Amino acid sequence: MSVRLVYFAWVRERIGLSGEEYPLTQSLPAGELAAKLRALSAGHAEALTDLSRLRLALNQQQVGWDALVSPGDELALFPPVTGG
Amino acid sequence: MSVRLVYFAWVRERIGLSGEEYPLTQSLPAGELAAKLRALSAGHAEALTDLSRLRLALNQQQVGWDALVSPGDELALFPPVTGG
Amino acid sequence: MSLFEVRVQAGPFEIGAEQARLSALTPEVGAVVSFTGQVRDAPLLLEHYPGMAEREMEALLADARARWPLIGAIIVHRHGPLAVGEPIVLVLTASSHRRAAFEACEFLMDWLKTRAPFWKKDALGWVDARDSDEQAAARWD
Amino acid sequence: MSLFEVRVQAGPFEIGAEQARLSALTPEVGAVVSFTGQVRDAPLLLEHYPGMAEREMEALLADARARWPLIGAIIVHRHGPLAVGEPIVLVLTASSHRRAAFEACEFLMDWLKTRAPFWKKDALGWVDARDSDEQAAARWD
């Protein structure tokens with residue numbers, strides 16, 4: 001049981017991965033999950049220190065940090081978008 | 001000494017001419033000139049009865065009925081524009 | 001480099017070709033907005049006042065340039081008989097930023113509708129001017 | 001007939017070809033508005049979130065259709081490396097009347113800038129999001 005994490009732009013670069021599986025056995029808020037991820041590496045810690053600079057999408061829908069992440073979900077972490 | 005008159009759209013069709021020379025020896029307001037033109041034919045009378053339905057351009061610049069028309073000028077009479 | 005141009009012509013125009021001329025002007029072009037008007041519902045005949053038409057369109061471009069930081073703009077207006085679906089008018093604006101390009105394009109169209117000496121005739125006769133067009137143009141006063 | 005389409009692609013697009021698809025939809029099409037964004041000043045790399053990007057763009061089209069009487073709309077957004085002057089994004093809207101086509105096109109661009117998962121990187125690093133884009137999008141709330 002895990003959650004699929006995907007990273008974009010400087011979040012991806014600082015973590016050094018475009019994505020990874022993270023073990024998850026029960027639902028928890030995205031903000032709490034992000035706090036746990038900081039322990040994974042120095043890069044994770046740096047990328048995820050200030051959550052106010054990040055945006056997130058749960059199963060490809062933009063959500064807030066209180067969104068509940070469940071096993072099997074896809075959670076994306078990225079900076080505010082700059083396309084167009 | 002004359003003024004060059006040009007007509008467009010239904011003004012042209014009612015008068016039956018796309019343009020004509022009209023004798024003019026001294027300047028007068030466009031509204032007074034238009035009133036004189038009504039005497040030229042039944043078509044002129046019909047086209048020029050209600051000046052509020054018409055617009056005018058003096059030497060290719062939009063003006064009002066009080067604009068002074070002088071010998072040698074080009075005066076255009078036409079309905080409100082509908083291009084674009 | 002900048003490019004500001006007006007044309008009145010009987011034949012059709014190619015939006016791709018016209019837009020390419022604006023896109024390539026300078027590396028500062030970041031936004032190009034276009035408006036294309038096309039014949040809806042029934043065929044039209046478009047009459048115009050040669051000379052004055054170009055002159056009014058030039059004056060509109062000068063007005064738009066005074067209001068927005070444009071790098072280029074092109075207005076092409078057709079005359080003569082036009083079938084349903086055929087393009088009537090093209091307005092293209094280029095600027096560094098999208099807001100200027102959008103606003104200038106809309107301004108030019110609103111004013112073209114109420115200032116440029118063109119008249120449409122369809123099977124029912126000469127098309128009447130619409131109050132809604134006057135109101136649209138008045139927004140920019 | 002109507003046509004609503006979004007695409008994310010690495011290669012360029014042809015505004016003439018895309019616009020022709022909207023122009024020909026029905027005799028009710030009277031106005032087609034386009035916005036083209038192009039790379040300004042320095043080369044860019046555009047990263048995106050495959051799947052979600054298309055999904056957000058589809059959601060924006062649905063939102064635009066609920067607000068304006070559109071006959072068609074196309075959004076094409078590129079990804080990957082892009083040189084100065086190259087087109088990044090194309091938004092096309094078609095309606096019977098110009099106001100709807102203009103407003104919907106501007107709405108779609110404003111929301112694309114703040115909703116669609118694309119990120120620009122230039123020689124100085126990742127481009128920061130701009131407050132002015134947030135404010136532009138908020139106009140439509």
Side-chain angles (χ1 to χ4, degrees), chain B residues 2-22 30-31 33-34 37 41-84, chain C residues 6 8-9 35-40 44-60 75-80 82 87-91 105-122 124-137:
Chain B
S2 65
V3 56
R4 174 76 194 158
L5 299 168
V6 289
Y7 309 125
F8 294 99
W10 55 255
V11 179
R12 174 179 55 71
E13 288 182 343
R14 287 182 195 173
I15 291 177
L17 296 169
S18 59
E20 60 189 318
E21 296 288 330
Y22 184 81
L33 178 57
L37 296 176
S41 75
H44 285 80
E46 188 196 343
L48 307 176
T49 296
D50 181 0
L51 297 188
S52 74
R53 297 186 61 205
L54 300 183
R55 299 293 178 270
L56 61 160
L58 186 60
N59 300 322
Q60 306 194 354
Q61 305 263 21
Q62 299 207 32
V63 294
W65 291 108
D66 55 350
L68 273 188
V69 182
S70 300
D73 282 349
E74 175 174 293
L75 178 69
L77 301 174
F78 46 77
V81 304
T82 56
Chain C
V6 305
V8 178
Q9 62 189 43
F35 174 87
T36 306
Q38 63 183 53
V39 181
R40 198 161 55 94
L44 287 177
L45 182 72
L46 260 157
E47 181 168 324
H48 77 298
Y49 186 172
M52 182 178 165
E54 290 85 348
R55 199 169 170 148
E56 281 289 329
M57 290 154 72
E58 291 278 8
L60 293 179
I75 306 176
V76 186
H77 203 304
R78 294 176 70 188
H79 66 88
L82 296 170
I88 304 170
V89 62
L90 173 68
V91 176
C105 190
E106 205 165 356
F107 165 87
L108 287 169
M109 267 314 299
D110 284 344
W111 279 101
L112 264 180
K113 286 253 174 198
T114 56
R115 300 279 309 179
F118 290 85
W119 299 272
K120 288 191 182 109
K121 188 180 192 181
D122 63 19
L124 302 173
W126 294 95
V127 173
D128 282 328
R130 293 184 312 184
D131 286 344
S132 61
D133 285 329
E134 284 292 339
Q135 287 154 14

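Every chain is numbered from 1, with letters handed out A, B, ... down the list of sequences. Keep in mind that what you see is a predicted model, and the values were worked out from it rather than measured.
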Could you go through the ring pair (Phe, Tyr, Trp, His ring centres under 6.0 Å) check for C:H77 and C:F118 one step at a time? CA-CA 9 Å; C:H77 203 304; C:F118 290 85; 3.6 Å; yes
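Heavy-atom distances place no part of C:D133 under 4.5 Å from chain B, backbone and side chain included. For C:H48, the part lying near chain B is the backbone, with the side chain staying farther off; criterion is any non-hydrogen pair under 4.5 Å. Both the backbone and the side chain of C:K120 come within contact range of chain B, each with at least one heavy atom under 4.5 Å from a heavy atom of that chain. For C:E56, the part lying under 4.5 angstrom from a heavy atom of chain B is the side chain only. Proximity to chain C is absent for every atom of B:R55, based on heavy atoms less than 4.5 angstrom apart.
A donor-acceptor contact shorter than 3.5 Å links the side chain of B:Q62 to the backbone of C:R115. With hydrogens and angles ignored, the 3.5 Å screen pairs no side-chain donor or acceptor of C:D110 with any backbone N or O of C:F107.
Your options are C:A53, C:A116, C:G125, and the one with the most heavy-atom pairs under 4.5 Å with chain B is C:A116.
In this structure, C:K121 does not pair ionically with C:E47, as no charged nitrogen and carboxylate oxygen lie closer than 4.0 Å.
Between C:Y49 and B:F8, the ring planes are tilted. Angles from 30° to 60° get that label.
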